[in-house]
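What follows is a short report on a single structure.
What's counted below: heavy atoms across the whole structure, side chains too, no hydrogens, waters or symmetry copies. None of these values were measured; they are calculated from a predicted model.
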Amino acid sequence: MDGVEALIFDVFGTTVDWKTSVLEELEELGQKHSLSYTSEDWKDFADEWRQGYLKNTYQIAQGATGTNDVDTMHREILDDMLSSSRWSSFGSVLDDNARKHLNFVWHRLKGWPDTVQGLYKLKKHAIIASLSNGNVRLLVDMAKYADLPWDAVFSAALFDSYKPNPVTYQGALKHLALSETPQKAAMVAAHIFDLRGAAKVGLKTVYIPRPGEERAGVEEVEEVKSKSEGGEVDVVVKSIEELAQLFEK
């Protein structure tokens, strides 16, 4: 991390535990409406919703047409799911207001245990910014909810695409005045496709393994290793706090 002035973070899965947060809300709704779905069913629901998002954003990043507003995308996926045979009984108890509230669960995600303290430590040594496929309002709401102390909030929507399209990383670099020196910035993510996209435009890369996130749905590897271990990323750390320790040495 020598010479790194800015750390650019993925958000969903990397800094926040989206699955636990979404599952808690789904299970509360299930109990409220006396639905017969099991915990495994709700896990499937959360995964299906997430996979729809990953598939759509990745296709748009590759040039397909579609919305650049993730709130809209999440709602479209949600409505399609609730009209399916498997989830129709869930859909039957949710009116428009209830669906809107559920859709905004993505604004109310909790950080991993190491996230907040780690980010506050890193702020003392480098610029910390988000670069997510989530829209700006989603990211701002989430930052307030989870106490994520970003110095800057970048959304791929600002650059009219989604990660891993190169324009998203280049856009963040431009606003950080690092376009000519991308090696002074590092992308931090729990998804190899994101880090591969960042590396292509010259950013350093930091991988943080998170439970379940190694299967990003678009590009997978069995194990992510650092370059010193024969891998493809610059640094592998177990937590954001461990990353902060690298800057404290």
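Note on Leu35: it clusters hydrophobically with Val105, by side-chain heavy-atom contacts below 4.5 Å among ILVMFWY residues. Cluster membership for Val22 and Met81, using ILVMFWY side-chain heavy atoms within less than 4.5 angstrom, is shared. Criterion: ILVMFWY side-chain heavy atoms under 4.5 Å apart, direct or through other members. Under it, Val224 and Trp112 are not part of a common hydrophobic cluster. Phe45 and Phe104 end up in different hydrophobic clusters when Ile, Leu, Val, Met, Phe, Trp and Tyr side chains are linked at under 4.5 Å.
In terms of modelled atom types and a separation under 3.5 Å, the side chain of Thr181 and the main chain of Lys184 share no donor-acceptor contact. Panel note: side chain Glu229, backbone Lys225; no donor-acceptor pair is recorded below 3.5 Å. Side-chain N or O atoms of Trp49 include one that pairs as donor or acceptor with a backbone N or O of His74 at under 3.5 Å.
Heavy atoms of other residues, nucleotides or ligands lying less than 6.0 angstrom from NZ of Lys123 number more than 12.
A salt bridge is absent between Asp95 and Lys100: the closest approach of a Lys/Arg side-chain nitrogen to an acidic carboxylate oxygen does not fall below 4.0 angstrom. Remark: Arg50 engages Glu213 in a salt bridge, criterion side-chain N to carboxylate O under 4.0 Å. Using a 4.0 Å cut-off between charged side-chain N and carboxylate O, Asp41 and Arg86 make a salt bridge. A salt bridge does not link Glu248 to Lys121: none of the charged nitrogens lies less than 4.0 Å from a carboxylate oxygen.
Taking each heavy atom of Leu29 and Phe90 in turn, the nearest pair found is CD1-CZ, 4.0 Å. Between Pro149 and Ile128, the shortest heavy-atom contact is O-CD1, 3.4 Å. Of all heavy-atom pairs between Met73 and Asn56, the closest is SD-CB, 3.6 Å. Closest approach of Thr205 to Val233, counting heavy atoms only: OG1-CA, 3.2 Å. Contact detail for Gly197 and Tyr169: the closest heavy-atom pair is C-CE1, 3.5 Å. Nearest heavy atom pair, residue Asn103 against residue Arg75, reads OD1-N, 3.0 Å.
Considering only heavy atoms from C-beta on, Arg99 comes within 4.5 Å of Leu82 through its side chain. Contact annotation: the side chain of Asp194 never approaches that of Pro164 to less than 4.5 Å [non-hydrogen atoms, C-beta and beyond]. Side-chain contact between Val206 and Met187 is absent, with no heavy atoms from C-beta onward closer than 4.5 Å. Within the 4.5 Å cutoff, the side chain of Leu148 has no heavy atoms near those of the Ser130 side chain. In this structure, the side chains of Tyr145 and Leu109 stay at 4.5 Å or more apart for every pair of heavy atoms. Counting heavy atoms from C-beta on, the side chains of Val70 and Trp106 never come closer than 4.5 Å. By the 4.5 Å heavy-atom criterion applied to side chains, Val11 and Val16 are counted as neighbours. Put simply, the side chain of Asp44 does not reach to within 4.5 Å of the side chain of Tyr37, judged on heavy atoms.
To the nearest 0.5 Å, atom CH2 of residue Trp87 and atom CD of residue Glu48 are 6.5 Å apart. For the atom pair Glu24 CD and Asp17 CG, the distance stands at 8.5 Å (nearest 0.5 Å). Taking NZ of Lys55 as the reference point, atom CD1 of Ile77 lies at 10.0 Å (rounded to 0.5 Å). The structure places CG of Leu178 at 8.5 Å from CG of Leu203, a figure rounded to the nearest 0.5 Å. Atom OG in Ser239 sits 7.0 Å away from atom CD1 in Ile208 (nearest 0.5 Å).
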side-chain contact (heavy atoms from CB on, under 4.5 Å) between Thr115 and Tyr120, intermediate numbers included
CA-CA 9 Å; Thr115 294; Tyr120 273 102; over 6 Å; no
Pair Glu25, Arg108 - check salt bridge (charged side-chain N to carboxylate O under 4.0 Å, His left out), show working.
CA-CA 10 Å; Glu25 192 138 345; Arg108 303 185 294 272; 2.5 Å; yes
Criterion side-chain contact (heavy atoms from CB on, under 4.5 Å) on Lys227 and Asp234, from CA distance to verdict
CA-CA 6 Å; Lys227 292 178 180 176; Asp234 292 293; 3.2 Å; yes
Verify side-chain contact (heavy atoms from CB on, under 4.5 Å) between Ile8 and Leu176, making sure each step is shown before the conclusion.
CA-CA 10 Å; Ile8 303 172; Leu176 293 172; 4.0 Å; yes
Full working for side-chain contact (heavy atoms from CB on, under 4.5 Å) between Leu158 and His175:
CA-CA 11 Å; Leu158 296 172; His175 287 291; over 6 Å; no
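Applying ring pair (Phe, Tyr, Trp, His ring centres under 6.0 Å) to Phe12 and the options Tyr53, Trp18, Tyr162 leaves one that passes, Tyr53.
For the residue pair Asn165/Thr168, the side-chain donor-acceptor check at 3.5 Å is not satisfied. Between the side chains of Tyr207 and Ser226, no donor-acceptor pair of N or O atoms lies under 3.5 Å.
Listed by chain and residue number, nothing satisfies the side chain to side chain donor-acceptor pair (under 3.5 Å) test with Ser85 (two or more places apart in sequence, or in another chain). Considering only residues two or more places apart in sequence or on other chains, Lys174 meets the side chain to side chain donor-acceptor pair (under 3.5 Å) condition with none of them.
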Side-chain donor-acceptor pairs under 3.5 Å in residues 132-141, sequence neighbours left out?
{"from": "Ser132", "atom 1": "OG", "to": "Gly134", "atom 2": "N", "distance (Å)": "2.9"}
{"from": "Asn133", "atom 1": "OD1", "to": "Lys163", "atom 2": "N", "distance (Å)": "2.8"}
{"from": "Asn135", "atom 1": "OD1", "to": "Asp71", "atom 2": "N", "distance (Å)": "3.3"}
{"from": "Asn135", "atom 1": "ND2", "to": "Asp71", "atom 2": "OD2", "distance (Å)": "3.2"}
{"from": "Arg137", "atom 1": "NE", "to": "Asp141", "atom 2": "OD1", "distance (Å)": "2.8"}
{"from": "Arg137", "atom 1": "NE", "to": "Asp141", "atom 2": "OD2", "distance (Å)": "3.1"}
{"from": "Asp141", "atom 1": "OD2", "to": "His107", "atom 2": "ND1", "distance (Å)": "2.8"}

